[in-house]
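Structure first, then comments.
As a basis for the values below, the full set of heavy atoms in this structure was taken, side chains included, without hydrogen atoms, waters or symmetry mates.
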Amino acid sequence: QVQLVESGGGLAQPGGFLRLSCAASGRIVSINDMNWYRQAPGKERELVASISSTGNKNTADSVKGRFTISRDNAKMTVSLQMNSLKPEDTAVYYCNAGIREILRPGWRDCWGQGTQVTVSS
């Protein structure tokens with residue numbers, strides 16, 4: 001079974017920082033785009049940042065200049081460095097990736113279980 005497991009969430013003060021990590025495991029042939037989404041209470045899930053297998057990055061305007069996405073293809077991991085955190089960054093953050101598994105056709109849209117990020121003084 002393919003799994004995405006996030007780590008690194010928690011409580012931070014406004015202006016502080018956190019680093020989220022997500023590791024893929026299983027019988028994986030290749031991974032396409034790797035993404036971070038977030039969902040705040042009462043709001044829809046939104047795309048925060050994405051990175052292609054070749055390293056092309058996109059970042060939401062709301063976090064541009066503060067959040068940085070990176071990935072390690074050899075380790076099948078994606079990270080999100082979050083600096084200058086604001087209370088409005090409070091949300092559950094989800095890792096997402098398009099994954100091709102061994103002996104299975106096509107790409108699977110895989111999600112992690114989510115990790116809580118709370119920004120509060």
Verdict with reasoning, Thr59 to Val48, per side chain to side chain contact (heavy atoms under 4.5 Å, CB included) | CA-CA 6 Å; Thr59 308; Val48 176; 5.6 Å; no
CA sep, side-chain torsions, deciding dist, call: Met34, Arg71, side chain to side chain contact (heavy atoms under 4.5 Å, CB included) = CA-CA 8 Å; Met34 301 188 84; Arg71 70 188 279 173; 3.6 Å; yes
Audit row: Val117, Leu18, side chain to side chain contact (heavy atoms under 4.5 Å, CB included) steps and yes/no | CA-CA 8 Å; Val117 170; Leu18 286 171; 3.8 Å; yes
Given the rule in the side chain to side chain contact (heavy atoms under 4.5 Å, CB included) test, do Leu4 and Gln113 qualify, once you have shown the distances and angles that lead to the verdict?
-> CA-CA 8 Å; Leu4 294 176; Gln113 79 285 358; over 6 Å; no
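To the nearest 0.5 Å, the span separating OG on Ser62 from CD on Glu46 amounts to 5.0 Å. Rounding to the nearest 0.5 Å places OH of Tyr93 at 4.0 Å from CZ of Phe67. With rounding to the nearest 0.5 angstrom, the CG atom of Asp33 is 7.0 Å from the OG atom of Ser53.
Under the salt bridge (Lys or Arg N to Asp or Glu O under 4.0 Å) criterion, Glu6 pairs with no residue, sequence neighbours left out. For Arg19, there are no salt bridge (Lys or Arg N to Asp or Glu O under 4.0 Å) partners two or more places apart in sequence or in a different chain. In this structure Asp109 satisfies the salt bridge (Lys or Arg N to Asp or Glu O under 4.0 Å) test with no other residue, sequence neighbours excluded. Among residues two or more places apart in sequence or in another chain, the salt bridge (Lys or Arg N to Asp or Glu O under 4.0 Å) test is passed with Arg100 by none.
Proximity of a side-chain donor or acceptor of Lys57 to a complementary backbone N or O of Ala49 within less than 3.5 Å is not detected. Using modelled atom types, no side-chain atom of Asn32 and backbone atom of Ile99 make a donor-acceptor pair closer than 3.5 Å. Under a 3.5 Å cut-off, the side chain of Asn35 and the backbone N or O of Leu47 do not form any donor-acceptor pair. Proximity of a side-chain donor or acceptor of Ser121 to a complementary backbone N or O of Gln13 within less than 3.5 Å is not detected.
The hydrophobic clustering, which links ILVMFWY residues whose side-chain heavy atoms are closer than 4.5 Å, places Val78 and Met76 together. Following chains of ILVMFWY side-chain contacts shorter than 4.5 Å, one can reach Ile51 starting from Ile28, so the two form part of one hydrophobic cluster.
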Output a table of donor-acceptor pairs, distance under 3.5 Å, between side-chain atoms of residues 82-89 and any protein atom two or more places apart or on a different chain; print 'none' if there are none.
residue : atom : partner : partner atom : Å
Asn83   : OD1  : Gln81   : NE2          : 2.9
Asp89   : OD1  : Arg38   : NH1          : 3.0
Asp89   : OD1  : Arg66   : NH2          : 3.0
Asp89   : OD2  : Arg66   : NH1          : 2.7
Asp89   : OD2  : Arg66   : NH2          : 3.4
Asp89   : OD2  : Lys86   : N            : 2.8

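The shortest side-chain heavy-atom distance between Arg104 and Val29 does not fall under the 4.5 Å cut-off. Between Arg108 and Glu101 there is a side-chain heavy-atom pair separated by less than 4.5 Å. Side-chain contact check for Thr68 versus Leu80: every heavy-atom pair is 4.5 Å or farther apart. Side-chain contact check for Cys22 versus Tyr94: every heavy-atom pair is 4.5 Å or farther apart.
Taking each heavy atom of Ile31 and Ala97 in turn, the nearest pair found is CG2-CB, 4.0 Å. Shown here for Cys110 and Val2, the closest heavy-atom pair between the two residues is SG-CG1, 3.9 Å.
Sorted by first then second residue, the ring-ring contact (aromatic ring centres under 6.0 Å, His included) pairs that include residues 99-121, not counting sequence neighbours, are Tyr37-Trp111.
Around atom CD of Gln3, no more than 12 heavy atoms belonging to other residues, nucleotides or ligands sit under 6.0 Å away.
The closest side-chain donor-acceptor pair between Thr118 and Ser120, if any, does not fall under 3.5 angstrom.
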